[in-house]
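Start at 1 and go down the list; that is how both ligands and their atoms are numbered.
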Amino acid sequence: MIATTQLKTTNSEEIFAAAQKLMPGGVSSPVRAFKSVGGKPIVFDRVLGAYIWDVDGNQYTDYVGSWGPAICGHTHPEVIAALHDALNKGTSFGAPCYLENVLAQMVIDAVPSIEMVRFVNSGTEACMAVLRLMRAFTGREKVIKFEGCYHGHADMFLVKAGSGIATLGLPDSPGVPKSVTSNTLTAPFNDLEAVRVLFEQNRDEIAGVIVEPVVGNAGFIPPAAGFLEGLRTITQQHGALLVFDEVMTGFRIAYGGAQEKFGVIPDLTTLGKVIGGGLPVGAYGGRQEIMSMVAPAGSVYQAGTLSGNPLAMTAGIKTLELLQQPGTYEYLDGLTKQLAEGMLEIAKETGHAAWGGHISGMFGFFFNQGPVRNYEDAKKSDLSKFARFHRGMLEHGVYLAPSQFEAGFTSLAHTKADIDRTLEAARAVCFSSI
Ligand SMILES: Cc1ncc(COP(=O)(O)O)c(C=O)c1O
C-alpha cells in the first residue's frame with residue numbers, strides 16, 4: 001500500500017496568498033482556485049510526460065493534462081524541438097504564415113465536417129464566432145444549448161443550467177444582459193423530446209443546436225444511443241444548423257473527434273485544446289458554403305491579432321503528427337479503460353456509490369449511483385465526498401481535476417504502471433479517508 005505523504009505545501013500557500021492580492025481569487029481561471037474541493041490550490045512549477053511538480057517539489061501523476069491539450073504527454077521532446085526551431089523565426093507575424101496552411105490541411109483531412117477552417121486563440125472565441133456564423137447563415141437568432149454544457153464564457157452561452165431558470169434564459173453571471181441570453185434556449189442533454197418541443201415552440205426562429213457531443217464540463221457524460229443522430233435529423237427537418245463543440249473531444253476521443261467516433265456529421269465544428277499542443281488556440285470550421293461567409297471572403301466579421309500564431313501552429317502540427325502514429329487511440333482507450341473500470345471497482349469494493357466511464361483518453365466518475373444522463377443527474381453526486389477523495393488523491397501523488405464536474409484526461413505518456421499506482425492510491429483513499 002502507498003504510504004500517505006503529509007503534503008508539504010508551504011511554498012504553494014505563500015505564492016497563492018500573494019496571488020490573491022494581485023489577481024481576482026488568485027487565479028487566471030476560476031476552477032484552479034479549488035473552490036469546489038476546498039483546501040488551498042497547489043501552485044505548479046513544471047511538467048514532464050505524465051507528471052506535474054509543484055513549487056514544494058511534490059510530484060503528481062497528472063490527469064488534468066492542462067485541461068486536455070497534453071494528449072501526447074507534457075513537454076513532448078518533438079513538440080519542444082519544433083517550438084525551438086519556430087522560436088528562432090519569431091513569435092508572431094500578424095500576417096499570413098505557411099504553418100497555417102499545414103495545420104488547416106491536417107484539420108480538414110481529419111475532421112469529417114470541416115472543408116474550411118478559421119484559427120482563433122481559444123475555445124471561447126471559436127464558439128462566439130460560430131454562433132455569429134450560425135445566425136448569419138440561417139437569418140435566425142435563437143440557439144439551443146444543453147444544460148451543463150460549456151461553450152466558453154461569452155455572454156450568450158452563460159445561461160443557468162437549472163431547468164426553470166434555464167428555459168427563461170436568465171443569465172448565469174451578473175453583467176450578462178437578459179437581452180443577450182433571451183435567445184439562448186436550453187434543454188437537458190440526452191433529451192431529444194425537449195429539443196423537439198423547443199423547435200415546435202419556436203418555429204423558423206432557431207438558427208441551430210450547439211452541443212458537446214460527449215459532455216466533459218458537467219463531469220463525463222456520454223451521449224445516449226441515437227441522441228446525436230436525433231439532433232442531426234431534427235436540425236435538418238427544421239432548416240437549422242448542428243454544431244459540435246469539439247474543443248474537448250476533437251482529436252481526443254478519436255483523431256476525427258466525436259463526429260468520426262459516432263458517425264454523425266454536424267454542419268460546423270469548434271476545436272481548441274489538442275490542436276494547439278499546449279499553446280493558446282481555437283478553431284472553427286465546416287462546409288465551404290457556410291465558412292465562405294466569414295470575412296474577408298464574406299461579410300461575417302471575426303478577427304484576431306495573434307490568430308494563426310506560428311508557435312501555436314507549430315505545436316499543433318507536431319501534436320497531430322504524433323497522434324497519427326498507429327495505435328494511438330487504441331493505447332489511450334486501453335489505458336483509460338483500466339483506470340475508469342478500476343476506479344468503479346474500487347468504489348464498489350469499498351462501499352461507495354459511483355458511476356462513470358470513458359471514451360478513449362477522456363474519462364470521469366461521479367460519487368453517485370447513476371446512471372448520469374444529464375446535468376441534473378450529475379448534480380446528485382456527493383460533492384463533499386469527492387472533495388475528500390480529491391484531497392486524499394493529492395496526498396497520494398495523484399492530481400485530478402479539482403471539481404466533480406470536470407472530465408479527466410490520460411495521455412500517451414501515461415503507462416500501465418502509472419494507472420496501477422493511481423488505482424492503489426484510490427483504494428487507500430476510499431478505504432481510509434472518505
Ligand atoms: C467544450 C468546450 N468548449 C469551449 C471551451 C472554452 O475553451 P477555452 O477555455 O479555450 O476558451 C471549453 C473549455 O474547457 C470546452 O471544454
**Asked** For ligand 1, which atoms sit closer than 4.0 Å to a heavy atom of Gly123?
**Response** 6 (C), 7 (O), 8 (P), 10 (O), 11 (O)
**Prompt:** Looking at Arg196 and Asp191, does any basic side-chain N land under 4.0 Å from a carboxylate oxygen?
**Reply:** no
**Request:** Would you please determine whether Trp67 falls within less than 4.0 Å of ligand 1 on a heavy-atom basis?
**Result:** no
**Request:** Taking atom CD of Gln324 as the centre, report whether more than 12 heavy atoms of other residues, nucleotides or ligands fall under 6.0 Å from it.
**Result:** yes
**Request:** Decide, yes or no, whether a salt bridge links Lys318 with Glu321 under the criterion of side-chain N to carboxylate O below 4.0 Å.
**Result:** yes
**Close side-chain approach of Arg232 to Ile265, heavy-atom, < 4.5 Å** = no
**Item:** Sidechain-backbone polar pair: Glu147 side chain, Asn374 backbone, donor-acceptor under 3.5 Å
**Value:** no
**Winner among Lys273, His153, Met248 once heavy atoms are compared against atom 13 (C) of ligand 1** = Lys273
**Asked** Would you find more than 12 non-hydrogen atoms of other residues, nucleotides or ligands less than 6.0 Å from Lys385 atom NZ?
**Response** yes
**Prompt:** For atom 16 (O) of ligand 1, which candidate among Ile210, Val31, Asn217 holds the nearest heavy atom?
**Reply:** Asn217
**Per-atom contacts, ligand 1 versus His151 - under 4.0 Å to a heavy atom** = 3 (N), 4 (C)
**Prompt:** Does some side-chain heavy atom of Ser381 sit less than 4.5 Å from a side-chain heavy atom of Phe386?
**Reply:** no
**Asked** Taking atom 5 (C) of ligand 1 as the point of reference, which of Val247, Val211, Thr249 owns the nearest heavy atom?
**Response** Val247
**Request:** Return the minimal non-hydrogen interatomic distance between Tyr60 and Asp54, and the atom names on each side.
**Result:** OH-OD2, 2.7 Å
**Fill in**
Under 4.0 Å from one or more heavy atoms of Glu212, ligand 1 contributes atoms 1 (C)
**Message:** Can you name the atoms of ligand 1, numbered from 1 with element, that are less than 4.0 Å from a heavy atom of Ser122?
**Reply:** 10 (O), 11 (O)
**Item:** Contacting atoms of ligand 1, where contact means under 4.0 angstrom from a heavy atom of Thr124
**Value:** 6 (C), 7 (O), 8 (P), 11 (O)
**Asked** For ligand 1, which atoms have a heavy atom of Asp245 less than 4.0 angstrom away?
**Response** 1 (C), 2 (C), 3 (N), 4 (C)
**Asked** Do any nitrogen or oxygen atoms of Tyr150 come within less than 3.5 Å of a nitrogen or oxygen of ligand 1?
**Response** yes
**Request:** Check each atom of ligand 1 against the heavy atoms of Gly152 and keep those under 4.0 Å away; list them by number with element.
**Result:** 4 (C), 5 (C), 6 (C)
